[in-house]
Asker: 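Just passing along the structure, written as structure tokens.
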Amino acid sequence: MTGRRMPSAGEPPLDFGGAVLLIVDAIPRGRVMTYGDVAAELGSRGARAVGHVMATEGSSVPWWRVVRADGRPPAGHEAEALAHYRAEATPLRRGGGVDHAELDYRLDLAAARHLPA
DNA sequence: CAGTTGACAGTCC
DNA sequence: GGGACTGCCAACT
């Protein structure tokens, strides 16, 4: 490794992933942010890039506080996210019919969306 | 160095 | 209201 990452004084203190972890960790309890909002905070439009960071380093941050623009939790983790939402009293929007599956819920972004500074 | 993949978003039908 | 296509950005092979 002949200096794979040369520490320059002009480069940002954190990588893209590091910045994403800080933003997600800054989300207050009972609130949620969309991938696009997190990417916008980083000055980038890579909503998918944010999702990658969550898939790789997301295990160290409240990933359930990061949801899709549709108000739906990350794919493949609807059940895990639901347990956290109910535990944090996060505003959810469920279909009026009880026939709806538990994993068919949606978040009320109108009330749960956290606006960063 | 280029191609492919991926916890997405926005717009059109 | 829901489904399909395209655009964007970052990490991996």
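What you see is a predicted model; the values in this text were computed from it and never measured. Letters A, B, ... are given to chains in the order of the sequence lines, protein chains preceding strands, and every chain is numbered from 1.
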Asker: Which atom pairs, one a donor and one an acceptor, fall under 3.5 Å between side chains of residues 51-62 of chain A and the rest of the protein, sequence neighbours left out?
Answerer:
{"residue": "A:T56", "atom": "OG1", "partner": "A:H52", "partner atom": "O", "Å": "3.0"}
{"residue": "A:T56", "atom": "OG1", "partner": "A:V53", "partner atom": "O", "Å": "3.0"}

Asker: Search all heavy atoms of A:T90 against all heavy atoms of A:A112 and return the closest pair with its distance.
Answerer: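 Shortest heavy-atom contact: CG2-CB, 4.2 Å.
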Asker: Got a sec? Which of residues 106-114 of chain A come in under 4.0 Å of DNA chain C, heavy atoms?
Answerer: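 Nucleic-acid contacts, sorted: A:R106.
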Asker: Between A:P73 and A:V67, what is the shortest heavy-atom contact and its length?
Answerer: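 The pair with the smallest heavy-atom distance is CA-CG1, 4.4 Å.
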Asker: Can you see which heavy atom on A:R45 is nearest to which on A:A39, and at what distance?
Answerer: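 Taking A:R45 first and A:A39 second, the nearest heavy atoms are C-CB, 4.2 Å.
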Asker: Does A:R65 use its side chain to pair, donor to acceptor, with the backbone of A:I27 at less than 3.5 Å?
Answerer: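 Yes, because the side chain of A:R65 sits within donor-acceptor range (under 3.5 Å) of the backbone of A:I27.
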Asker: Would you give the length of the straight line joining atom OG1 of A:T34 to atom CZ of A:R113, rounded to the nearest 0.5 angstrom?
Answerer: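 One finds 4.5 Å between OG1 of A:T34 and CZ of A:R113.
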Asker: If every non-hydrogen atom of A:P116 is compared with every non-hydrogen atom of A:H114, which pair is closest and at what distance?
Answerer: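 Reported closest heavy-atom pair: CD-O, 3.3 Å.
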Asker: To the closest 0.5 Å, what do you measure between CG (A:L103) and CD (A:E80)?
Answerer: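 Atom-to-atom, A:L103:CG and A:E80:CD are 10.5 Å apart.
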Asker: Any residue in residues 48-66 of chain A with a heavy atom nearer than 4.0 angstrom to DNA chain C? Just list them by number, or reply none.
Answerer: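 Heavy-atom contacts with DNA chain C come from A:R48, A:A49.
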Asker: With a 4.0 Å heavy-atom cut-off, tell me which residues in residues 68-89 of chain A come close to DNA chain B, sorted by residue number.
Answerer: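 When residues 68-89 of chain A is checked for heavy atoms under 4.0 Å from DNA chain B, the hits, listed by number, are A:R68, A:A69, A:P74, A:H77.
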Asker: Pull out every residue in residues 23-45 of chain A that has a heavy atom closer than 4.0 Å to any atom of DNA chain B, ordered by number, or say none.
Answerer: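 Here the set is A:T34, A:Y35, A:G36.
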Asker: So A:Y85 and A:Y105, would you call those rings parallel, tilted or perpendicular, with 30° and 60° as cut-offs?
Answerer: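 Aromatic pair A:Y85/A:Y105 classed perpendicular.
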Asker: Heavy-atom distance under 4.5 Å between the side chains of A:V32 and A:W64, does that happen here?
Answerer: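 No. Closest side-chain heavy atoms not under 4.5 Å.
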Asker: So which heavy atom on A:M33 is nearest to which on A:I23, and how close?
Answerer: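 Heavy-atom minimum between the residues: CE-CG2, 4.4 Å.
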Asker: Looking only at heavy atoms, what is the nearest atom pair of A:V50 and A:Y35, with distance?
Answerer: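 Result for this residue pair: CG1-CD2, 3.7 Å.
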Asker: Taking Watson-Crick and G-U wobble pairs with both distances under 3.5 Å, convert DNA chain B into its dot-bracket string, 5' to 3', dots for unpaired and | for cross-strand pairs.
Answerer: .|||||.||||||
Asker: To the nearest 0.5 Å, what is the distance between CZ on A:R93 and CG on A:L109?
Answerer: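 Going from the CZ atom of A:R93 to the CG atom of A:L109 covers 9.5 Å.
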